[in-house]
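Proteins come first, then strands; the chains are lettered A, B, ... in the order of their sequence lines, and each starts at number 1. Just the heavy atoms: all of them, side chains too, but no hydrogens, waters or symmetry mates, feed the values below.
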Amino acid sequence: MDADALVQAIASSADRQAFARLFDHFAPRVKGLLMRGGTPPDLAEELAQETLMTVWRKAALFDPTKAGASTWIATIARNLRIDHARREKRSRLSQVFEILEEEGPEQPDQVISGSERDARVRQALTGLSKEQYRVVELAFLEGFSHQDVANRLSIPLGTVKSRLRLAMAHLRRHLEDLR
Amino acid sequence: MNARHLASDETLAGFAAGRLDEGMSLVVAAHVEMNPASADALREIDAIGGAVLARGEAVPMLSSAEDALARLGGGRELGRSPAPRREAGVPRVLQPYELGRWHMIGRGVSLRRVHVPGAEARVFMLRAAPGTRLPEHRHTGNEWTTILAGAYEHEYGRFARGDFDEANEDHEHHPHVDPVEGCTCIVALTGEVRFKGWLGRMLQPLVRL
């Protein structure tokens, strides 16, 4: 499945079939991802549906030079989760993320394709051990501090740091020629 | 040329996951906006999120694509309207927030509050004239700073435009503002900060520490 092309088909021609394929592939994964991070099932269902609704509405804003479709969708889900969690605080954090994404931070010299970066990262993750993967997931996806990761997995802080160091070295080797 | 001061991966990941206090997040966001290396690191962290999503476990949905389309009514955004630009010298990421007015808080030093509802950290922009010695101070919480213009220097190095200064508990420092360029920065503070000296006594009530 070429997810980038499906998003672009929604953007160019409101392609409902492309949307159905994206929904069937990504909505259950967004739901799974949110539940793994501790979101209750009914809320995860709602946020997953809203994530895909946002994909439809904002398809024209998708830019594969910045991020591939799965990364773009993951950040949409993240923003919705943040909005929901901080609703009562009138948080504007998701607007801050949108400003960073939309206007683009000051670009580095070389323009690299977001889709290409995504593919490399995906490939690199398959080379991690199960233990490394779990630490990467908690530290980078859930954003826990290294100390919190250590507490959650009941392993020493030093072990967390060394696993992350190895995992990041591995990841950055895969991205080296893109940087 | 000094090494650049970047936010750590740990800080960027906490920011990206929405796990940091909103005030602290704002200072990280200003750094990412101004610093290509950290912007790149953040894109990598986002890409890890995308990769984990792509290979993650699927949990069956109760609703379908048709349900989603029905709720949407088919509406789409066809393009984006460019965000209104704020005045020069103010990071774009501050757009959603209300800013106070600059006011002098002491010789050569002005402060401008950034109102971040719901944040635990107090956030403000600080502008110091060339050569100012900011008061020596000690933290019980965190003091995170992104340099917006100019530079300062203290025990941990020289911090220039786009740099991120992450001073956590028990740091004690004594910044010296660049003698030519002066310095403007955005700061988020949590916990207690105790200043020493004349400027500290001026600053203390204004930042409600």
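Interface remark: Met53(A) contributes backbone and side-chain atoms alike to the contact with chain B (heavy atom separation under 4.5 Å). Only the backbone of Leu20(B) comes within contact range of chain A, with heavy atoms under 4.5 Å apart. Contacts of Pro117(B) with chain A are made by both backbone and side-chain atoms, with heavy-atom separations under 4.5 Å. Using a 4.5 Å cut-off between heavy atoms, Leu125(A) contacts chain B through both its backbone and its side chain. Looking at Ser94(A), neither its backbone nor its side chain comes within 4.5 Å of chain B, counting heavy atoms on both sides.
Note: Met61(B) leads Glu57(B), Met61(B), Glu66(B) in heavy-atom pairs under 4.5 Å with chain A. Ranked by heavy-atom pairs shorter than 4.5 Å toward chain B, the options Gln95(A), Glu45(A), Arg122(A), Arg78(A) are led by Glu45(A). The candidate with the highest count of non-hydrogen atom pairs below 4.5 Å against chain B, out of Ala27(A), Gly37(A), Pro41(A), Ala77(A), is Ala27(A). Taking Pro28(A), Ala48(A), Ser70(A) one by one and counting their heavy-atom pairs under 4.5 Å with chain B, the maximum is reached by Pro28(A). Across Ala139(A), Ser145(A), Ala124(A), the residue that shares the most heavy-atom pairs under 4.5 angstrom with chain B is Ser145(A). For the options Ile73(A), Val136(A), Asp118(A), Leu93(A), heavy-atom pairs under 4.5 Å to chain B are most numerous at Leu93(A). Among the candidates Ser64(B), Gly49(B), Gly118(B), the residue making the largest number of heavy-atom pairs closer than 4.5 Å to chain A is Ser64(B).
Residues Leu22(A) and Ile10(A) have side chains in contact (heavy-atom distance under 4.5 Å, counting atoms from C-beta outward). No side-chain heavy atom of Arg21(A) sits under 4.5 Å from any side-chain heavy atom of Asp24(A). In this structure, Gln132(A) and Leu164(A) have side chains that are not in contact, with every pair of non-hydrogen atoms separated by 4.5 Å or more.
Both the sub-6.0 Å distance and the 45° axial angle are not jointly satisfied by Arg158(B) relative to the ring of Tyr152(B). A cation-pi arrangement is present between Arg19(B) and Phe144(A) under the rule of less than 6.0 angstrom and at most 45 degrees off the ring axis. With Tyr133(A) as the aromatic partner, Arg55(B) meets the cation-pi criteria of under 6.0 angstrom to the ring centre and within 45 degrees of the ring axis.
Ring centroid separation for the pair Phe23(A) and His25(A) does not come in under the 6.0 Å cut-off.
With Ser110(B) as reference, Met104(B) is the one residue of Met104(B), His103(B), Met125(B) to meet the side-chain contact (heavy atoms from CB on, under 4.5 Å) rule.
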